[in-house]
Visitor: 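Just dropping this structure here.
Below, read A as the first sequence line, B as the second, and so on, with proteins coming before strands; counting in each chain starts at 1.
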There are 2 protein chains.
Amino acid sequence: MNTQRRAKRDLTIEEVVDRAMEIAQTDGERGLTMRRVAEACGVTTMAIYHHVADKEALLTAVVDRVVAEAIADFGAADRPWRDDLVEFLCRYRAGFLEHPTAAQVYLRRPVISASLARCTELMFEAFENAGLEGRRVTDATDAVVLLLMGAIGNDLTRPPAVRHELTQALPAEAAPRLNRDIDAYSHRDPEARFRESLDWLLDGLLAAD
Amino acid sequence: MNTQRRAKRDLTIEEVVDRAMEIAQTDGERGLTMRRVAEACGVTTMAIYHHVADKEALLTAVVDRVVAEAIADFGAADRPWRDDLVEFLCRYRAGFLEHPTAAQVYLRRPVISASLARCTELMFEAFENAGLEGRRVTDATDAVVLLLMGAIGNDLTRPPAVRHELTQALPAEAAPRLNRDIDAYSHRDPEARFRESLDWLLDGLLAAD
DNA sequence: ACCTGAACACCGTTCAAGT
DNA sequence: ACCTGAACACCGTTCAAGT
C-alpha cells in the first residue's frame with residue numbers, strides 16, 4: 001500500500017500489469033478494480049488510464065502474460081511431436097488454472113494478442129511436423145483448442161465439491177446412475193482426465209484418413 | 001415498459017425469469033440488471049428480491065431454462081445410441097449459443113440445477129447403453145463434457161472476424177503458417193467442427209480397451 | 001507527457017416501512 | 001406475504017486542470 005507520491009515517468013505498463021496480476025491472484029476478478037490497481041501502484045486511479053486504454057485492455061495484457069509464459073519453451077525438448085504437443089497443452093491449461101482471473105477473461109470474450117497469435121502458429125507447426133496437410137492442420141488445431149478451452153473452463157469452475165452437489169439438485173430416485181457414480185465422476189484427477197481425453201481425440205483424428 | 005402498479009401476488013418467479021431472458025437476449029449480460037428486470041416486470045427493484053435470493057440465483061434460473069430445453073426430448077428418436085448422443089450434444093451446444101448470456105454464466109462459474117443433474121444422468125445412461133462400464137462411463141462423460149464446454153466457449157467468443165484479427169497481432173514474417181492458413185482456420189462451420197471433433201473423440205475412446 | 005481531483009452515471013444490495 | 005422508497009458502498013470512466 002504505497003501511498004507516497006511517485007516521481008513522474010516512474011510508472012510503466014509492465015508494473016501496472018504486475019500489480020494487476022498480484023491483485024487478481026489474491027482477491028480474484030471482483031477485487032481487481034482500477035481503483036485497487038492504482039492504489040497498489042501508489043498513484044491516482046486516473047493515472048492508470050495513461051498507460052492503458054481501459055480496463056479491458058488491462059485484462060487483455062494480463063491474459064497475454066499467462067499465454068506468453070505457457071508458450072515460452074515449446075519445442076525445446078527433444079521428443080516426438082505428439083509428446084511435445086501434449087506437454088505444451090498441459091502447460092497451457094495449467095498456466096490458466098494458476099491464474100483464474102486470466103482464465104475467466106480468456107473464456108468470456110475474444111482475446112487478441114501477440115502471444116495468442118504465436119500460440120496458434122506453434123500449433124499449426126506442430127501438426128505440420130506430424131505430417132498433416134492443408135485443412136487437416138487447421139481442423140486438428142480447431143479440435144484441440146475446443147478441448148483445451150473446455151478443460152480450462154470445466155476444471156476452473158467444477159471442482160469435486162461442486163460436481164458432488166449435483167446429486168442434491170434432484171431426488172435420488174430421479175437420478176440413480178448419477179448417485180451411484182458421483183464419486184468417480186467428481187473426485188478424479190482433472191489433469192489426468194484432460195490428458196486421456198486429449199489422447200482419445202488425437203488417436204481419433206490421426207486414425208481418420 | 002409497463003409502469004402501472006401491479007396487484008399483489010401477481011408477479012411469479014417464472015415471469016421474472018421470462019423477462020430476464022428477454023432482456024439478456026436483446027441487451028446482453030451487461031444490460032441484464034436487477035433494475036431493468038424490475039422495470040420490465042412493472043415493479044420496484046426490490047420486489048424482485050422477494051422472488052429470488054440475489055442476482056446470481058436469477059442467473060442460475062436462466063441457465064437451468066436453457067439446459068431444460070436442450071434435454072427435453074433426449075432419447076425420443078429411434079436411432080443408435082451414438083447418433084442420439086451426438087444430436088443431443090449438438091442441441092445442447094446450439095441452445096447455449098442462442099442464449100449467450102446464459103452461456104457466459106455457465107462457463108464462468110459453478111451452476112447447480114435440477115436440469116444439469118438430469119443432463120448428467122442422461123449422459124451416464126447413454127454411455128451405459130453403449131456398453132461401457134464403471135469408470136469408463138464417468139471418464140467418457142468427462143471427456144465429452146470438456147469438448148462440449150470448449151465448443152460453447154470458443155464458438156461464442158471467437159467468430160471468424162475475431163480469429164482473423166490474430167494475424168494483425170504479429171508481424172507477418174513471425175507467423176508464416178498462421179498467415180497462410182488463417183482463412184481455413186477462421187471461416188469454417190463451427191458446428192461441423194464440433195461434430196467432427198466429437199467423432200474423433202468418440203472414435204478414440206471406443207477404440208481404447 | 002504524466003498525473004490529480006472532482007464529478008457522472010451507473011451497479012447490487014440492506015434496511016425500515018407500508019398494506 | 002408482498003411490495004415500496006431511500007440510502008449505502010461501491011464501480012468504470014469523462015472532463016478540466018495542474019506541472
Visitor: List in numerical order all residues of residues 45-53 of chain B for which some heavy atom is under 4.0 Å away from an atom belonging to DNA chain D.
Guide: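 Residues of residues 45-53 of chain B that come under 4.0 Å of DNA chain D are, in numerical order, B/Met46, B/Ala47, B/His50, B/His51.
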Visitor: Taking only Lys NZ, Arg NE, NH1 and NH2, and the carboxylate oxygens of Asp or Glu, determine whether A/Arg195 and A/Glu87 approach each other closer than 4.0 Å.
Guide: yes
Visitor: So, using salt bridge (Lys or Arg N to Asp or Glu O under 4.0 Å) as the criterion, who are the partners of A/Asp18 when residues are at least two apart?
Guide: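 Listed in chain order: A/Arg65.
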Visitor: Once you round it to whole Å, what is the distance between P of D/dC11 and CZ of B/Arg35?
Guide: 16 Å
Visitor: Pair up each side-chain donor or acceptor in residues 168-177 of chain B with any protein partner under 3.5 Å, not counting sequence neighbours, and list the distances.
Guide:
from: B/Arg177; atom 1: NE; to: A/Glu128; atom 2: OE1; distance (Å): 3.2
from: B/Arg177; atom 1: NH1; to: A/Glu121; atom 2: OE2; distance (Å): 3.1

Visitor: Looking at B/Tyr106, I'd like to know if the NZ or CZ of A/Arg158 sits under 6.0 Å from its six-membered ring centre while staying within 45 degrees of the ring's axis.
Guide: yes
Visitor: May I have the distance from B/Arg36 (atom CZ) to C/dC11 (atom P), rounded to whole angstrom?
Guide: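 Whole-Å distance recorded here is 9 Å.
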Visitor: List in chain and number order the residues that pass salt bridge (Lys or Arg N to Asp or Glu O under 4.0 Å) with B/Glu98, two or more places apart in sequence or in another chain; answer none if no residue qualifies.
Guide: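 Applying salt bridge (Lys or Arg N to Asp or Glu O under 4.0 Å) to B/Glu98 gives none.
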Visitor: Keeping to residues at least two apart or across chains, list the salt bridge (charged side-chain N to carboxylate O under 4.0 Å, His left out) pairs with something in residues 137-157 of chain B.
Guide: A/Arg163-B/Asp142, A/Arg188-B/Asp142, A/Arg193-B/Asp139, B/Arg93-B/Asp155, B/Arg135-B/Asp139, B/Asp155-B/Arg188
Visitor: Which residues pass the salt bridge (Lys or Arg N to Asp or Glu O under 4.0 Å) test with B/Asp27, sequence neighbours left out?
Guide: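 Testing B/Asp27 for salt bridge (Lys or Arg N to Asp or Glu O under 4.0 Å), a comparison that skips the adjacent residues, returns B/Arg36.
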Visitor: Does B/Arg30 have any salt bridge (Lys or Arg N to Asp or Glu O under 4.0 Å) partners at least two apart in sequence or in another chain, and if so, which?
Guide: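 Checked B/Arg30 against salt bridge (Lys or Arg N to Asp or Glu O under 4.0 Å); zero matches.
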Visitor: Which whole-number value in Å describes the distance from A/Lys55 NZ to D/dC10 C1'?
Guide: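 After rounding, the reported distance stands at 12 Å.
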Visitor: To the nearest Å, how far apart are A/Glu39 CD and C/dT4 C1'?
Guide: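 One finds 16 Å between C1' of C/dT4 and CD of A/Glu39, rounded.
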Visitor: Using the test side chain to side chain contact (heavy atoms under 4.5 Å, CB included), find all partners of A/Pro100 that sit at least two apart in sequence or belong to another chain.
Guide: A/Gln25, A/Leu156
Visitor: Starting at atom CG of B/Leu32, determine the distance to atom C1' of C/dC11, rounded to an integer number of angstrom.
Guide: 12 Å
Visitor: Expressed as a whole number of angstroms, how long is the span from A/Ile13:CD1 to C/dC2:P?
Guide: 12 Å
Visitor: What side-chain hydrogen bond (donor to acceptor under 3.5 Å, both in side chains) pairs are there with at least one residue in residues 67-77 of chain B, not counting sequence neighbours?
Guide: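 Qualifying pairs, neighbours excluded: B/Asp73-B/Arg91.
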Visitor: Go through D/dG5, C/dC3, D/dT13 for me and flag the one nearest to the A/Val43 side chain.
Guide: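 Of the options given, the side chain of A/Val43 lies nearest C/dC3.
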Visitor: Under a 3.5 Å cutoff on both atom distances, Watson-Crick or G-U, what's the dot-bracket for DNA chain D ([ ] crossing, | other strand)?
Guide: ||.|||||...|||||.||
Visitor: Side chain of B/Thr44: nearest nucleotide among D/dC3, C/dG12, D/dT13?
Guide: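 Looking only at heavy atoms from C-beta outward on B/Thr44, the closest nucleotide is D/dC3.
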Visitor: Any salt bridge (charged side-chain N to carboxylate O under 4.0 Å, His left out) involving residues 54-63 of chain B? Give me the pairs, sequence neighbours left out, ordered by first then second residue.
Guide: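 Pairs touching residues 54-63 of chain B that pass the test: B/Glu56-B/Arg109.
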Visitor: Where along residues 17-30 of chain A does a heavy atom come under 4.0 Å from DNA chain C, residue by residue in number order?
Guide: none
Visitor: Let me know the distance between CG of B/Leu58 and P of C/dC11, rounded to the nearest Å.
Guide: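 Roughly 15 Å, once rounded to whole Å.
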